[in-house]
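What follows is a set of notes on a single structure, which appears directly below.
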There are 4 protein chains.
Amino acid sequence: MAALQKSIDKRNALIEATIELVNNDGFHATPMSKIAKMANVSPATIYLYFDNKQDLVNITYIEVKSRYTAYAFETYRETMSVEEGFEVIWKRIADFKLKEVADAMFLAQCDNTPMIDEPSRREGIKHLQPLLDLWARGKAEGIIKPISDYLLYAYSINPLSFLMLVENRGAIKIGPQELEEAFQAAWSSIKINR
Amino acid sequence: MAALQKSIDKRNALIEATIELVNNDGFHATPMSKIAKMANVSPATIYLYFDNKQDLVNITYIEVKSRYTAYAFETYRETMSVEEGFEVIWKRIADFKLKEVADAMFLAQCDNTPMIDEPSRREGIKHLQPLLDLWARGKAEGIIKPISDYLLYAYSINPLSFLMLVENRGAIKIGPQELEEAFQAAWSSIKINR
Amino acid sequence: MAALQKSIDKRNALIEATIELVNNDGFHATPMSKIAKMANVSPATIYLYFDNKQDLVNITYIEVKSRYTAYAFETYRETMSVEEGFEVIWKRIADFKLKEVADAMFLAQCDNTPMIDEPSRREGIKHLQPLLDLWARGKAEGIIKPISDYLLYAYSINPLSFLMLVENRGAIKIGPQELEEAFQAAWSSIKINR
Amino acid sequence: MAALQKSIDKRNALIEATIELVNNDGFHATPMSKIAKMANVSPATIYLYFDNKQDLVNITYIEVKSRYTAYAFETYRETMSVEEGFEVIWKRIADFKLKEVADAMFLAQCDNTPMIDEPSRREGIKHLQPLLDLWARGKAEGIIKPISDYLLYAYSINPLSFLMLVENRGAIKIGPQELEEAFQAAWSSIKINR
DNA sequence: GATGAATGAGTTTTCATTCAT
DNA sequence: CATGAATGAAAACTCATTCAT
């Protein structure tokens, strides 16, 4: 514990600084020196923890994506029904996007920008598996439309990113009512109408 | 007349080069010199047409956004029914996002990034009015859910951006069938179920 | 008169613009395009009248220096006594420096800066001859100290440049009284005390 | 301790390089790259010590002005008589202007040019106080003419700048004799004739 | 492990000058 | 004679990265 003395605190401070600065200014408008300053370390110290700037942002991306999925699935159990499971996951994701604003903004920027390299992008996607499994089950049970997972994601999950964004730009306020409306819209777009 | 008037061709070449390079590398990773080279002009020439890099990208954004909305509403008529009107607009938007890939990618990056300044962002939003009017009519007629326009946009229009993106990254192919499915998902998420 | 149609007006406008802009910003901080704009001509037009930027400023210098000496000696006559002659010249010079502020500031900058090339500098000095002649006469008559003309200039004429400068920077106001004091100081520093 | 502290040597080398190059070419004709080269550092290094080019020249100005006044008053004591004090200060100033040519030329350029910003200009003036005090004493004692300090400066001190300049341009040589003549001219222009 | 000084390579932007009309 | 568009060359400045300590 004393041997590999690389302080996890410094590493984390660097990651959090990266998120905040990239959110405010964009990746390439964020100098390493500024990240170092906000994390209260020397610029040179960054290179003890990360190979280079690209590596720093890649790793930050993977880490934030992990937090996102960990949060999303924390209360979900595979024993839940499809409806219940979807609602549980959806509401956790909504929670995350509306409360962990910095993380959510960061992901939105990474996902719509060439700033992350392909391997990291792929790495980040992995963790959504439980949702895909749930949808597979739902399709098998005739509850979820038998369409591409990407379509399901586009219509049931991705809109939350847009709502998070416009809320953050001050255009709307997402309260409990809007959230319920959003959930109904999400659910009705992927469930099979009987 | 061809040589000594500030040529609209050069201006346009610069805008197209900006779109392509920003799509590939991101705003700040795109040097003015590269834009100039791709547009076959000297770097100094850019400054005859645009005040600075920020101005260039702002104007490019507004121009692309205009093309987008112009395309979206070209075949729509206010005399159409709500259902028909929405379908017409939606399909034009889908068309644009799937065919005018460069433009669509550029808008996605601008909209999820701090690269555009606020005034330009606001300028870009203006042109969606016909869709908002249609929705207002739909709400009055009891056809469209009486929820915030942002929610309607999030669920019926914005998913197309996500689909465009994943198609471009090679994850899926959006054919006629997927498009129809997408439209059904969009419509079912905003129409009132009777 | 119609043949060599180079308009003297344009040439003069360019020279006046040069004086004003160089006074405000310095030679190298004054772009040709700005000079052209202030003179209401195209940048290319400057090159019809002057070889290049250095030539423009050299010629401007010589022209302003000529105005200065022409003004200085306009009312002086060689028939005047040494005392009278000096007073007449000194007061004309003072007049010029305090009233033709732009010209005087321009000369101060040229004379204390490497912006003028040597040939033009020498050319500009030529026209002071009548003053040197007067001093020679004064020395011969035992009225003026038998010291270098440069010393005489340094103590009797050059202080006016300093006074002009500080008045222009708002530090003092040179009224009739100060002027008389200045003249007495000038005269007492070069005349022989008996 | 030599290598990793921001080295005062580098800062000083930059200041000296600035003086020399500005003297030769003028402020705006002196590129940062040339200053860096002469100081044997990278252009980027300049920005570790100075905010920008204007800051570099402002600070150089203040520093040179300080050297000037420090030198001027080094041997002066307030216990000296007015005559003696003035002679001491005057000769130190003459010494400085004729020996520290680079510094003196630099000040002449700064003082006759818009290259220094107003705050720095004011900062540079501060240090002349002992001379002003001496003059106040001289006026009280009926030894010095009761005229503006600017006039006293214009006639007793400023001529040295002109003499330094023309000597440097090779027009004259200021030897001991000329210096004595100059001093007499200076003194006779400000002392009260009895 | 941690640092701050240092820098080479690159960025945006400017500008004196030219040239086709 | 006059022009405005165009540009190559160079300016100020930045920044990811390294290195001696």
Side-chain angles (χ1 to χ4, degrees), chain A residues 2-7 10-11 28-37 40-56, chain B residues 1-7 10-11 28-36 40-56, chain C residues 2-7 10-11 28-37 40-56, chain D residues 1-7 10-11 28-36 40-56:
Chain A
L4 187 54
Q5 207 50 337
K6 283 203 200 175
S7 135
K10 275 181 190 163
R11 202 195 90 112
H28 282 284
T30 298
M32 294 295 260
S33 57
K34 219 169 162 185
I35 295 174
K37 193 163 291 168
N40 270 106
V41 301
S42 156
T45 303
I46 301 182
Y47 293 85
L48 298 176
Y49 294 88
F50 306 95
D51 289 345
N52 50 46
K53 196 183 180 186
Q54 185 63 55
D55 185 51
L56 166 60
Chain B
M1 195 209 230
L4 277 199
Q5 296 320 311
K6 252 199 214 177
S7 114
K10 271 179 193 159
R11 200 196 93 112
H28 283 285
T30 299
M32 295 295 260
S33 57
K34 223 167 159 186
I35 296 175
N40 269 108
V41 300
S42 154
T45 303
I46 301 182
Y47 294 86
L48 295 178
Y49 294 88
F50 305 95
D51 288 344
N52 51 46
K53 199 183 179 186
Q54 185 63 54
D55 185 50
L56 166 60
Chain C
L4 187 53
Q5 207 49 337
K6 283 203 203 174
S7 135
K10 274 180 191 164
R11 201 197 91 111
H28 283 284
T30 298
M32 294 294 260
S33 56
K34 218 169 163 186
I35 296 175
K37 193 164 291 168
N40 271 105
V41 300
S42 156
T45 303
I46 301 183
Y47 293 85
L48 298 175
Y49 294 88
F50 305 94
D51 290 344
N52 50 45
K53 197 183 179 185
Q54 185 63 56
D55 185 52
L56 166 59
Chain D
M1 197 210 233
L4 277 199
Q5 297 320 313
K6 252 198 213 179
S7 117
K10 270 178 195 161
R11 201 197 91 112
H28 284 286
T30 299
M32 295 296 260
S33 58
K34 223 168 160 186
I35 296 174
N40 269 107
V41 299
S42 155
T45 302
I46 301 182
Y47 294 88
L48 294 179
Y49 295 89
F50 305 95
D51 289 344
N52 49 47
K53 198 183 180 186
Q54 186 63 55
D55 184 51
L56 166 59

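Heavy-atom basis, side chains included; hydrogens, waters and symmetry copies ignored. Naming: A, B, ... by sequence-line order, numbering from 1 per chain.
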Rounded to whole angstrom units, what separation is found between the CZ atom of A:F50 and the C1' atom of F:dT18?
18 Å
Side-chain N,O (D:Y49) to OP1/OP2 (E:dA5) below 4.0 Å:
no
Do A:V41 and A:I35 come within less than 4.5 Å of each other through their side chains, counting heavy atoms only?
no
Compare all side-chain heavy atoms of C:L48 with those of C:K10 and state whether any distance is below 4.5 angstrom.
no
Counting primed atoms, P, OP1 and OP2 as sugar-phosphate and everything else as base, the B/S/- map of nucleotides 7-14 of chain E against protein heavy atoms under 4.0 Å is BB--SSBB
Treat a base pair as Watson-Crick or G-U wobble with both distances under 3.5 Å, then lay out DNA chain E in dot-bracket form, 5' to 3', with | for cross-strand pairs.
.||||||||||||||||||||
Please check: side-chain N/O of A:K53 versus main-chain N/O of A:T30, any donor-acceptor pairing under 3.5 Å?
yes
What is the separation between atom CZ on B:R11 and atom P on F:dA5, rounded to the nearest whole Å?
15 Å
How many angstroms lie between CG in C:D55 and CD1 in C:I46, if you round to the nearest 0.5 Å?
11.5 Å
Measure the shortest side-chain to side-chain distance between C:S7 and C:Y49 over non-hydrogen atoms and say whether it is less than 4.5 angstrom.
yes
How many angstroms lie between OG in B:S42 and CE in B:M32, if you round to the nearest 0.5 Å?
11.0 Å
Rounded to whole angstrom units, what separation is found between the CD1 atom of A:I46 and the C1' atom of E:dG4?
13 Å
Residues B:N52 and B:Y47: closest non-hydrogen pair is CA-CE2, 3.8 Å
What is the distance from atom CZ of B:F50 to atom CZ of B:R11, rounded to the nearest 0.5 Å?
5.0 Å
